[in-house]
Novice: 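Shown below is the structure under consideration.
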Protein chains: 2
Amino acid sequence: MYDCLVKHQLATQDYIKSIAKLSLKEGVDVVKLKWMALKLNVTNAAVSDMVKKLVKEGLVINHAYKGIELTDQGWFMGRRLIRHHRLWEVFLHTTLNVPWDEIHEEAEHLEHAASDALMNRIDEYLGFPTTDPHGNPIPNGDGTLSFNANEQSLNNVSDGEDYVVTRFESLDATYLQYLTHHGFAIGVSVKVVKRFDFDHSVLIDMAGGSLQLSYQISQQIFVVKSMD
Amino acid sequence: MYDCLVKHQLATQDYIKSIAKLSLKEGVDVVKLKWMALKLNVTNAAVSDMVKKLVKEGLVINHAYKGIELTDQGWFMGRRLIRHHRLWEVFLHTTLNVPWDEIHEEAEHLEHAASDALMNRIDEYLGFPTTDPHGNPIPNGDGTLSFNANEQSLNNVSDGEDYVVTRFESLDATYLQYLTHHGFAIGVSVKVVKRFDFDHSVLIDMAGGSLQLSYQISQQIFVVKSMD
DNA sequence: CTTTTAGTTTTAGCTTGCTTAAAATTTGCT
DNA sequence: AGCAAATTTTAAGCAAGCTAAAACTAAAAG
Ligand SMILES: [Mn+2]
Ligand SMILES: [Mn+2]
Ligand SMILES: [Mn+2]
Ligand SMILES: [Mn+2]
């Protein structure tokens, strides 16, 4: 089964991976075609066209005018690509010291080029990591993917309590550079000291001092309660 | 927009690399379209068609009905891809222990997926190797490629003298398995003890004993005079 | 219930890279 | 030189992925 999924076109792979990622991120089964078009930087028509092919291949179900949903086979393929992508990111970051904000773009291409056998070797070489350098969980070789259920957006946590950064949602290079510059990284301790209702920004306390984060930014930083 | 470029580039890259490799292997500047068609497993018409596009991009010169030749720009692109391919082969073999006969196929895909910056990091990580695991020289980052001028085909060397294996021309998996099985590897000592004119096969002496090699096989093994 | 708006689908047409078939050209052999 | 074989080129056509623009659907607002 795996092999027949492997030899798909590059475009097919990117579409399926995008559906899987949008579905996970938004917490819904049915994904709007519009979201796909925005994410892949193509027209709605291109997505609608491709959906027909993906349906024919048994990878997605089209709920006409409502959105699309991955089949089991589609989910399998999606998780496989997410696995490849995140393993490459760990490899690039820990073994080759490629900067944090460059690994995503490089992995975007490598994810399609390596066989499952090679990815398993890399997985082993890296000591079977469970998350990528941005804190995202790495699916297993058998196609399963687990989440951190305790994770919350930094924008939603209780004021005054201590939290630890576990994950950064966006992978945009300038966003990551901004966070790095202000001392953010996986494992860093943070606390919300003030909350501004008019623009939903938050004032954060962390080791380096305090810092005000816009809604857009704080929303993309995920944390868990500190165990101290 | 998206990755329509990638697909175009992928085909272009494989064509250019093939011209470069055939040119080097055959020791000529002008390559027959027929050779390309055989190597890439497409029709002559497909090659002829693609040549028009490559000419338009300034990568090749078409000597009508006689064959094609790379421009300086084409050579630069060709050596770049050969560099990527061979660096990946070294990495796969020495760092991840991927078997000798599997690395070529895997590198065939990875060569298109990594940036120059990444390949330079891998080059450094590997300690700037000069040859790939099959003994082929690795072009430098600046696009230069040097050869071992003393190298000779095992089929052409003087009888009774000692030689050391430096390179295997063919990359076919079963051919490489055959050689490994009989004790061949880069650096192994060999001597031609007998030569059969009727089929141009040769009888070889090596550490493991003696072995008779067909013309097709001995021709693809390259050696230099032993320095003992 | 009708209108507005946001999102989806269809239609027509483009480029790339391939195919087969046929025509053009070169090369090799008597 | 003359002819046949091999090679290259052209021609016509197909599938994948894209675009722009028009047609359509569903749901919210009036
Ligand atoms: Mn990423
Ligand atoms: Mn990708
Ligand atoms: Mn190779
Ligand atoms: Mn290749």
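Treat the numbers as computed from the prediction; the structure is a model and nothing was measured. In what follows, chains carry the letters A, B, and so on, assigned in the order in which the sequence lines appear, proteins first and then strands, with residues in each chain numbered from 1.
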Novice: For the atom pair CG (B:Leu145) and CH2 (B:Trp75), what is the distance rounded to the nearest 0.5 Å?
Specialist: 8.0 Å

Novice: In whole Å, I'd like the distance from the CG atom of A:Leu22 to the P atom of C:dG7.
Specialist: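 My rounded result for the distance is 14 Å.
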
Novice: Evaluate A:Asp14 against A:His112 for side chain to side chain donor-acceptor pair (under 3.5 Å), listing each step before the verdict.
Specialist: CA-CA 9 Å; A:Asp14 275 333; A:His112 309 283; 3.1 Å; yes

Novice: Grab the two heavy atoms, one from A:Val202 and one from A:Ser218, that are nearest each other, plus how far apart they are.
Specialist: CG2-CB, 3.7 Å

Novice: Any idea which of D:dA16, C:dT26, C:dT8 is nearest the A:Tyr65 side chain?
Specialist: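 Selected nucleotide (nearest to the side chain): C:dT8.
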
Novice: Tell me: CG of B:Leu54 to C1' of C:dT16, nearest whole Å?
Specialist: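 Taking atom C1' of C:dT16 as the reference, CG of B:Leu54 is at 12 Å.
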
Novice: Counting only non-hydrogen atoms, which of residues 28-44 of chain B are less than 4.0 Å from DNA chain C?
Specialist: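 Residues of residues 28-44 of chain B under 4.0 Å from DNA chain C: B:Val42, B:Thr43.
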
Novice: Are more than 12 heavy atoms from other residues, nucleotides or ligands located less than 6.0 Å from atom CG of B:Asp72?
Specialist: no

Novice: Once you apply a heavy-atom cut-off of 4.0 Å, does B:Asp14 come out as touching a base, just sugar-phosphate, or nothing?
Specialist: nothing

Novice: Calculate the interatomic distance between A:Lys52 atom NZ and D:dA16 atom C1'; express it in whole Å.
Specialist: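 Atom NZ in A:Lys52 sits about 13 Å away from atom C1' in D:dA16.
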
Novice: If you pin A:Asp49 and B:Ser48 to their nearest nucleotides in DNA chain D, which one's is more 5'?
Specialist: B:Ser48

Novice: Give a yes/no on whether any side-chain N or O of B:Tyr15 is located under 4.0 angstrom from OP1 or OP2 of C:dC18.
Specialist: yes

Novice: Under the side chain to side chain contact (heavy atoms under 4.5 Å, CB included) test, which residues partner B:Leu38, sequence neighbours left out?
Specialist: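 For B:Leu38, no residue satisfies side chain to side chain contact (heavy atoms under 4.5 Å, CB included) once neighbours in sequence are set aside.
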
Novice: Which nucleotide in the list C:dT19, C:dG17, C:dT10 gets nearest to the side chain of B:Ala46?
Specialist: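 Taking heavy atoms from C-beta onward, the closest nucleotide is C:dT19.
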
Novice: Near B:Tyr175 OH, under 6.0 Å, is it more than 12 heavy atoms from other residues, nucleotides or ligands?
Specialist: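 Atom OH in B:Tyr175 is crowded, with more than 12 foreign heavy atoms closer than 6.0 Å.
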
Novice: Could you check how far NZ of B:Lys56 sits from C1' of C:dT16, rounded to whole Å?
Specialist: 11 Å

Novice: To the nearest Å, give me how far apart CG (A:Asn62) and P (D:dT25) are.
Specialist: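 Value for this atom pair: 14 Å.
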
Novice: Kindly state each residue pair satisfying ring-ring contact (aromatic ring centres under 6.0 Å, His included) with at least one member in residues 128-149 of chain B, sequence neighbours excluded.
Specialist: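 Checked against ring-ring contact (aromatic ring centres under 6.0 Å, His included) - neighbours excluded - the pairs reaching residues 128-149 of chain B are B:Trp100-B:His134.
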
Novice: Heavy atoms from C-beta onward define the side chain here; which of C:dC18, C:dT20, D:dA26 lies closest to that of B:Ala45?
Specialist: C:dT20

Novice: Could you state the atom-to-atom distance from NZ of A:Lys66 to C1' of C:dA6 in whole Å?
Specialist: 15 Å

Novice: Report yes if a side-chain nitrogen or oxygen of B:Lys53 is closer than 4.0 Å to either non-bridging phosphate oxygen (OP1 or OP2) of C:dT15; otherwise report no.
Specialist: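 Negative; the distance criterion is not met.
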
Novice: Using the side-chain heavy atoms of B:Met50, tell me which of these nucleotides is nearest: D:dG17, C:dC18, C:dT26.
Specialist: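 The closest nucleotide is C:dC18.
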
Novice: Please state how far atom CD in B:Glu69 lies from atom P in D:dT8, giving the value in whole angstrom units.
Specialist: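 About 15 Å, once rounded to whole Å.
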
